[in-house]
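Residue numbers count from 1 along this sequence.
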Amino acid sequence: MPTTTRRDFIVSAAVASAAFGLDGWLSLPTAAAARHRHHARHKHQAQHAQQVRAKTPDPPRGHFRYTVGEAEIIALYDGIWEKVHDPAYFSNASIDETKQALAAGGFTTDFVTIPITVFVVKLKGKIILCDAGGGDQVQAFNPQSVFVSGKMVRHLKEAGIDPKQIETVLVSHYHPDHIFGLLGKNTDAPVFPSAEIIVPAAEHKFWTDPAVIDRLPEARRPLARRIQAVVAMWKNVLPVDGEDEVVPGIRFVSAPGHTPGHTAFHLSSGNEQLMFSNDTVYVPALCAAHPGWHGVFDQDAVLAETSRRKLMDRVVADRMLICGTHFPWPGLGTIAKDGAGYSVVLRTA
C-alpha cells in the first residue's frame, strides 16, 4: 500500500479556539509528565468515578456478529457516555428541542445517551479493527455526567479473537473515545503492537503539528501532547491521504468537519455495502433526524453538516447499510430520507 503525500490543512487559532473552547465535558488523560502535574485533579475525578455508575445497562452479550457479503462484522461494546444536558451542546438547538428529539427516538430525556461501539471486520483472511474505543481513560468532566469505556478488549476475547490477531487498525480521527483504546491506561504501551495503524493524513498532520498545542485551549492540549509524545512516535502508524482502498474491500471516505481529517469507512463485498459513519452521524436521534444541528464537538460545524448530509445521501442512494460508533447498540441500521432530515431503522441485537 503506498504512502501518499499529506496535504496541507491549515486551521487558524480562532477556528481552533471556537471549535474546542466549549469542549469541557471530557477530562483527557495526559502523557506521564502532564499526568503528574495534574495528579490532584485526576485523583478527585477517579474518586468521583468510583461513586457514579451508568444507569444504562450493558447489553447481555458484548459482541454481535453479522455479515455483509463475504465480510463478517463483529460489533464490540466498549461503554457509554451519559451526557448531562447543556445549552452549549448545539449552537442552534435548545435543551428542550434536544429532549424532544430524544423522546421521538425512544430514548430517556434525563441525559443524552451516547454508546461506544467498536467494529471488527474479517474479510479476505484479514482481521481489521475499526477505531479502538476509550480504553477506560476518558472521564466525564461534568459531575452529573458518566463516561464508561474500556470494555472492548474483553469483548474481543469473548468473540474468540486474541488482540495479537489484529493485523490492521483503521482510525477515523484522533478523539480520545476512538484512540485511547490503542494505548495502555497507565503505561502508554501499544495495545496492538503488531498491527499496522492506518490514519487519515490530514488528521495526523493536524494533531502532530507542534504548533497546534498553543492554538488549542487548555482542555484539549493534553490530548495533543499525548498524541505527539506517544502515537506520533510509533513506527507502525501509516498516514494515508485521499480515499484509497486502505485494505482489500475497505476504502477511506473523507468526511471532515467533526475534526480536520475525520474519515468514514466504506466496505464493499459482493453486491453488499456498509458505511462506517464513525462520528459523521454520531447520535442518529439527533444528528440524522436533524442534520442541520451544529454540535459543539464538531470542530467546523458547517463543514460537518455538509459531510453529514453528503454521506447520508450516498448511503440512501446506494441502499447500503450504515453503522456508527455512537449508534444504539449494536450500532447497525438502514437510513432513509424523512422530510428535512433522515430516519435510521436500527437492527436490534
In the structure I gave you, are the side-chain heavy atoms of [X] and [Y] within less than 4.5 Å of one another anywhere?
X	Y	answer
L183	P190	no
I213	R220	no
E167	E196	no
L274	I73	yes
M312	V281	yes
V68	Q273	no

Listed by chain and number, what are the side-chain contact (heavy atoms from CB on, under 4.5 Å) partners of [X], not counting sequence neighbours?
X	value
R154	K151, E158
S94	D96, E97
E72	R65, I74, K122
D214	none

Report all side-chain donor-acceptor pairs from residues 227-234 shorter than 3.5 Å, counting only partners two or more places apart or in another chain.
from	atom 1	to	atom 2	distance (Å)
Q228	NE2	W207	O	3.0
Q228	NE2	D209	O	3.0

Looking at E305 and R308, does any basic side-chain N land under 4.0 Å from a carboxylate oxygen?
no
Please, which pairs that meet side chain to side chain donor-acceptor pair (under 3.5 Å) have at least one residue in residues 330-349, sequence neighbours excluded?
D313-Y342
Do [X] side-chain atoms and [Y] backbone N/O form a donor-acceptor pair below 3.5 Å?
X	Y	answer
T117	G331	no
E243	R251	no
N278	H262	no

For F180, is the NZ or CZ atom of R226 found under 6.0 angstrom from the centre of its six-membered ring and inside 45 degrees of the ring axis?
yes
Please table the atom pairs, donor to acceptor, closer than 3.5 Å between any side-chain atom in residues 123-136 and protein atoms at least two apart or in another chain.
from	atom 1	to	atom 2	distance (Å)
D131	OD1	S172	N	2.8
D131	OD1	S172	OG	3.4
D131	OD2	S172	OG	2.7
D131	OD2	H178	ND1	2.9
D136	OD2	K185	NZ	2.9

Ring pair (Phe, Tyr, Trp, His ring centres under 6.0 Å) involving [X] - partner list, sequence neighbours excluded:
X	result
H63	none
F327	none
F192	none

Filter on ring-ring contact (aromatic ring centres under 6.0 Å, His included), then keep only pairs touching residues 91-124, sequence neighbours left out; what's left?
F119-F276
Determine the interplanar angle of the H175 and H173 rings, folded into 0 to 90°, and report it as parallel if under 30°, tilted if 30 to 60°, perpendicular if over 60°.
perpendicular
Using side-chain hydrogen bond (donor to acceptor under 3.5 Å, both in side chains) as the criterion, list what pairs up with Q100, not counting sequence neighbours.
none
